[in-house]
Amino acid sequence: MANSVKVALIQNCAERDMAPSIAAVEPLIRTAAKDKAQFILLTEMVAMLEPDSDKVLQKTMPEAEDPALKTFRALAQETGAWILVGSLLLKEPGKTRVVNRSLMVDPTGAITARYDKLHLFDVDVGDGQAYKESATVEPGERAVLAATPWGLAGLSICYDLRFAYLYRALAQAGAAMLTVPAAFTHATGKAHWHVLARARAIETGSFVLAPNQCGTHAEGRKTWGHSLIVNPWGEILADGGEDVGIVTATIDLDQVTEARRKIPALKHDRSFPAPGMPVLKSKAGE
């Protein structure tokens, strides 16, 4: 297993229709590959950021028919890179809602792992926009690890970043890299994005690879950008700022072993009762 890999995060500003969104991302992937990136990560909803729930349901397609996935699989074959398709909204047979799915694609174009977003963004952050992801998206049911030549990657999407227990479980199951493709809002990103990404890296002794959308989208929705590569000590190796572009760094996976050796917190879990629950005491003589 190789100990280091050059990663590239593609930071884009998706439109409400697939064709222009895909066309904007294609050259960025090719550029990253020409710059010798071996692992290229795309954002959440990379091919379509449609704020109208009814239109989301009209525009989405099954996985086998999705034009963005076909394009990215072909690009993996063309470039010889591993590509994490950050997420796509996809129709599933028999479901009235879509899934928000992250897909790992190997250099042959094969899909090696699929993860459906567990935690859905139903919030009012005070930026003049209302967000109710569960109106259109069916939540996932399981955590997922993806095998790569550089080690296991724990898959997650955007709002998952606020749920530390998911990343702890992924790291304890062997993940050395935690992927967090996102379309983090400008308001929440400005307040929380950097500290949450660094916290997940520090808590688990893992690399956090977090490509985030940027700019102003349909109907005035704004995303924060600042795609991040964070090392297991919580240090930011690269920050994408607020404009469309590519964020790269070469990461050394030996740093994961070293960080976990220094602070083996993943081995120090203890069970305890929830607040307000009685502590069970043993009987005398037991």
Side-chain angles (χ1 to χ4, degrees), residues 10-30 40-79 81-122 131-142 144 146 155-160 179-184 211-215 217-219 221 223 244:
I10 305 299
Q11 183 164 294
N12 70 308
C13 181
E15 300 188 34
R16 68 192 315 164
D17 292 314
M18 292 191 199
S21 300
I22 296 168
V25 170
E26 280 187 81
L28 296 174
I29 293 174
R30 288 194 175 96
I40 300 172
L41 296 89
L42 312 181
T43 60
E44 179 188 23
M45 295 185 287
V46 60
M48 181 181 71
L49 211 163
E50 171 57 73
D52 186 300
S53 296
D54 292 333
K55 290 180 179 178
V56 166
L57 298 174
Q58 293 169 11
K59 292 178 179 181
T60 50
M61 301 179 187
E63 184 179 290
E65 300 173 21
D66 187 84
L69 183 56
K70 290 179 181 179
T71 297
F72 300 141
R73 292 180 70 181
L75 281 167
Q77 290 179 294
E78 174 189 322
T79 63
W82 285 72
I83 295 179
L84 180 77
V85 181
S87 88
L88 301 171
L89 299 179
L90 300 167
K91 286 182 178 174
E92 283 283 273
K95 293 186 177 180
T96 58
R97 291 181 291 174
V98 302
V99 293
N100 190 351
R101 178 171 294 166
S102 188
L103 305 103
M104 185 72 81
V105 179
D106 74 12
T108 72
I111 298 168
T112 64
R114 296 171 174 84
Y115 165 73
D116 293 347
K117 188 176 184 181
L118 279 167
H119 304 97
L120 302 184
F121 193 55
D122 291 358
Y131 303 89
K132 190 169 179 59
E133 190 173 15
S134 65
T136 54
V137 175
E138 183 90 11
E141 297 180 347
R142 62 189 182 95
V144 174
L155 307 188
S156 71
I157 300 172
C158 200
Y159 190 47
D160 285 333
T179 64
V180 195
F184 235 73
N212 191 32
Q213 292 219 32
C214 65
H217 308 266
E219 298 185 8
R221 294 204 170 183
T223 48
V244 169

Non-hydrogen atoms of [X] and [Y] that approach each other most closely:
X      : Y      : answer
Ala183 : Thr223 : O-CG2, 3.6 Å
Leu120 : Val137 : CD1-O, 3.2 Å
Asn212 : Gln11  : O-CG, 3.1 Å
Ala146 : Ala113 : CB-CB, 3.7 Å
Glu15  : Ser21  : N-OG, 2.8 Å
Ser134 : Asp122 : OG-OD2, 2.5 Å

Looking at side-chain heavy atoms only, is the closest gap between [X] and [Y] below 4.5 Å?
X      : Y      : answer
Val244 : Cys214 : yes
Met61  : Pro67  : yes
Asp160 : His119 : yes
Ile40  : Leu42  : yes
Arg73  : Lys70  : no
Leu75  : Val105 : no
Arg114 : Val144 : no
Tyr115 : Thr179 : no

Within this structure, what is the [atom1]-[atom2] distance for the pair [X] and [Y], rounded to the nearest 0.5 Å?
X     : Y     : atom1 : atom2 : result
Asp17 : Leu49 : CG    : CG    : 11.5 Å
Glu78 : Thr71 : CD    : OG1   : 10.5 Å
Leu90 : Thr60 : CG    : OG1   : 7.5 Å

Practice task
Kindly determine whether Val98 and Leu57 satisfy side chain to side chain contact (heavy atoms under 4.5 Å, CB included), including the steps that lead there.
Solution key: CA-CA 7 Å; Val98 302; Leu57 298 174; 4.0 Å; yes
Identified side-chain contact (heavy atoms from CB on, under 4.5 Å) partner of [X] from the options [options]:
X      : options               : answer
Glu44  : Ser156, Pro211, Ser87 : Ser87
Pro139 : Glu133, Arg97, Lys117 : Arg97
Leu103 : Leu84, Ile83, Leu69   : Leu69

Exercise for the section: For the pair Phe121 and Tyr131, name the ring-plane relationship: parallel under 30°, tilted 30 to 60°, perpendicular over 60°. Expected result: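 Ring orientation of Phe121 relative to Tyr131: tilted.
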Practice task
Would you check if the side chain of Gln213 reaches a backbone N or O of Met45 as a donor-acceptor pair within less than 3.5 Å?
Solution key: yes
Handout entry: N/O donor-acceptor pair under 3.5 Å between His217 side chain and Arg16 backbone
Key = no
Practice task
For side chain to side chain contact (heavy atoms under 4.5 Å, CB included), just list the numbers for Val46 and Leu88, CA-CA rounded to whole Å, side-chain angles, deciding distance to a tenth of an Å, and then say yes or no.
Solution key: CA-CA 7 Å; Val46 60; Leu88 301 171; 3.9 Å; yes
Handout entry: Verdict with reasoning, Glu138 to Glu92, per side chain to side chain contact (heavy atoms under 4.5 Å, CB included)
Key = CA-CA 10 Å; Glu138 183 90 11; Glu92 283 283 273; over 6 Å; no
Practice task
May I ask you to say whether Asp66 pairs ionically with Lys91, meaning some side-chain N is under 4.0 Å from a carboxylate O?
Solution key: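 Between Lys91 and Asp66 there is no salt bridge, as every charged N stays at least 4.0 Å from the carboxylate O atoms.
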Problem - Single hit among Lys59, Arg221, Lys55 for salt bridge (Lys or Arg N to Asp or Glu O under 4.0 Å) with Glu50 - result: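 Filter result, single survivor: Lys59.
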